[in-house]
Amino acid sequence: MIIVLKEQPEQQQLHNLTEWLHGMGLEIHTSEGKHSTILGLVGDTSRVDIDLIQALDIVASVKRIQEPYKSANRKFHPLDTVIKVGDTSIGGDVFAKIAGPCSVENEDQIIAIAAEVKEAGATMLRGGAFKPRTSPYAFQGMGGEGIDLLLKAKKATGLPIVSEVMDLSQLDLFADVDVIQVGARNMQNFQLLKELGKSNKPILLKRGLSATISELLMSAEYIMAGGNENVILCERGIRTFETATRNTLDISAIPVLKELSHLPIVIDPSHSAGIARFVPTLTMAAVAAGADGIMIEVHNDPSKALCDGPQSIKPGAFKVISKNIDTLRETLKTLD
């Protein structure tokens, strides 16, 4: 349920209303706009008398929300959420460019790539320390040592770092990681999501391989219900009958999520295609569709990468993509 207040509501009446709602065991999420304030009620609202609230002088309207996700719902929070990450942000007018290797392989590699993607316009550095792999014989990542190397790259370049957590037991190692990524396989690891809800650290939540948009938003709700509202949604391609690409990028997820939720949306064209030459085109499609950022795998020598080399691009190619993103975004502004 949401309560839309009139402009400049009388404060004593507002206090009395919120106290009464809290007394019914409801949580209240407040969103303040230029001309109105919205109170989003989370909990069992079946006992709330809509007519009684509607009759209050400070109330403009009352609406029941049918969707099970409340905190992630745009009806609760009409304005786009902007999430601060270090000296940059995701959402609003800032377009995030997250780039780096699929896996951290050694110190020279990660620091060199970090420097090159920063020079090319990246705003954050991605890098896997723990890698969920289909084969138990594939490279599983460097673990805690990989986190340490990411932090060295951050110190050398100033770029905030993004890395994936796979298990609750690893969380202590992520204390200095700027954005914690939840991978597609863990999108419905509800115990992990609940624990991340206790943090105030930005969480990049990837859509599951076969997850619906509603299921993605419900997973975001798990994190937000715990008190952490710093959630970034990530569309990374879904599994369909098509085999020409590794996954199928659901470009329509961008406008749908923009309509349903206020949370920023990042697109991962690397995992969507699984083929490096398609990454530039999918990136431009994501920008045109209204994404808030992209996350691209960049490796200095993809043919020798220990993980996902076929979908990784070289730093020079990322530089071209970065410039094209800026050009396209400026062009789109003239069309508004």
Over 12 foreign heavy atoms within 6.0 Å of NZ, Lys323: no
Any donor-acceptor N/O pair, Glu221 side chain to Ala72 backbone, under 3.5 Å: yes
All heavy atoms of Leu149 vs all of Asn106, minimum pair found to be CD1-C, 3.7 Å
Which atom names give the shortest non-hydrogen contact between Ala211 and Ile238, and what distance separates them? O-CG2, 4.4 Å
Show your working on side chain to side chain contact (heavy atoms under 4.5 Å, CB included) between Glu10 and Asp57 and close with a plain yes or no. CA-CA 9 Å; Glu10 201 277 318; Asp57 291 339; over 6 Å; no
Side-chain donor/acceptor of Glu195 to backbone N/O of Gly197, under 3.5 Å: no
Run Glu27 and His22 through side-chain hydrogen bond (donor to acceptor under 3.5 Å, both in side chains) and show every step you take. CA-CA 6 Å; Glu27 293 182 26; His22 282 308; over 6 Å; no
Less than 4.0 Å between a side-chain N and a carboxylate O, is that true for Arg207 and Asp268? no
Do Ser322 side-chain atoms and Phe318 backbone N/O form a donor-acceptor pair below 3.5 Å? no
All heavy atoms of Ile203 vs all of Leu196, minimum pair found to be CD1-CD2, 3.9 Å
I'd like to know whether CZ of Arg329 has more than 12 heavy-atom contacts from other residues, nucleotides or ligands below 6.0 angstrom. yes
Could you go step by step and tell me if Glu116 and Lys319 meet the salt bridge (charged side-chain N to carboxylate O under 4.0 Å, His left out) rule? CA-CA 9 Å; Glu116 290 189 271; Lys319 187 173 184 178; over 6 Å; no
Find out whether Leu168 and Asn189 are in side-chain contact, i.e. whether some heavy atom of one side chain is under 4.5 Å from a heavy atom of the other. no
Heavy-atom side-chain proximity of Met124 to Leu159 below 4.5 angstrom: no
Any donor-acceptor pair under 3.5 Å linking the side chain of Thr45 with the backbone of Val48? no
With a 4.0 Å cut-off on N to O distance, would you call Asp178 and Lys154 a salt bridge? yes
Heavy-atom count around Glu19 CD within 6.0 Å, excluding the residue itself: above 12? yes
Asp93 bridged to Lys333 by N-O distance under 4.0 Å: no
Let's go through Met295 and Arg236 carefully: what are the C-alpha distance in whole Å and the side-chain angles of both, what is the deciding distance for side chain to side chain contact (heavy atoms under 4.5 Å, CB included) to 0.1 Å, and is it a yes or a no? CA-CA 9 Å; Met295 184 162 69; Arg236 44 79 70 207; over 6 Å; no
Ignoring hydrogens and angles, tell me if any N or O in the side chain of Asp292 forms a donor-acceptor pair with the backbone of Ile265 under 3.5 Å. yes
Can you name the nearest heavy-atom pair linking Pro202 to Val85, along with the distance? CG-CG2, 4.1 Å
Could you give the distance from CD1 (Ile296) to CD1 (Ile98), rounded to the nearest 0.5 Å? 10.0 Å
Derivation of the side chain to side chain contact (heavy atoms under 4.5 Å, CB included) call for Glu215 and Met187: CA-CA 9 Å; Glu215 288 168 339; Met187 190 203 83; 4.1 Å; yes
Is it true that Arg74 and Glu259 make a salt bridge, defined as a side-chain N closer than 4.0 Å to a carboxylate O? no
For Met166, does its backbone N or O pair with a side-chain atom of Gln170 as donor and acceptor, under 3.5 Å? yes
Rounded to the nearest 0.5 Å, what separates atom CD1 in Ile58 from atom CD in Gln11? 8.5 Å
Distance, nearest 0.5 Å, that separates NZ of Lys201 from CZ of Phe174: 10.0 Å
Under the criterion side chain to side chain contact (heavy atoms under 4.5 Å, CB included), I'd like the reasoning laid out for Ile321 against Ile313: C-alpha separation, chi angles, the key distance, then a yes or no. CA-CA 10 Å; Ile321 290 174; Ile313 64 173; 3.7 Å; yes
For Glu164 and Arg126, run salt bridge (charged side-chain N to carboxylate O under 4.0 Å, His left out): C-alpha distance rounded to whole Å, both residues' side-chain angles, the deciding distance at 0.1 Å, then the answer. CA-CA 9 Å; Glu164 179 177 351; Arg126 63 148 292 153; over 6 Å; no
Looking only at heavy atoms, the pair that brings Gly237 and Ser272 closest together is N-OG, 3.5 Å
Ile161 and Asp176, any side-chain heavy atoms less than 4.5 Å apart: no
The test is side-chain hydrogen bond (donor to acceptor under 3.5 Å, both in side chains); show your working for Glu229 and His29 and say whether it passes. CA-CA 11 Å; Glu229 299 188 352; His29 291 254; 3.1 Å; yes
Give the minimum heavy-atom separation between Ala289 and Ile254, together with the two atoms involved. O-CG2, 3.3 Å
Taking CD in Glu32 as the centre, count heavy atoms belonging to other residues, nucleotides or ligands within less than 6.0 Å. Is the count above 12? no
Could you go through the side-chain hydrogen bond (donor to acceptor under 3.5 Å, both in side chains) check for Asp308 and Gln311 one step at a time? CA-CA 6 Å; Asp308 286 346; Gln311 67 193 38; 3.3 Å; yes
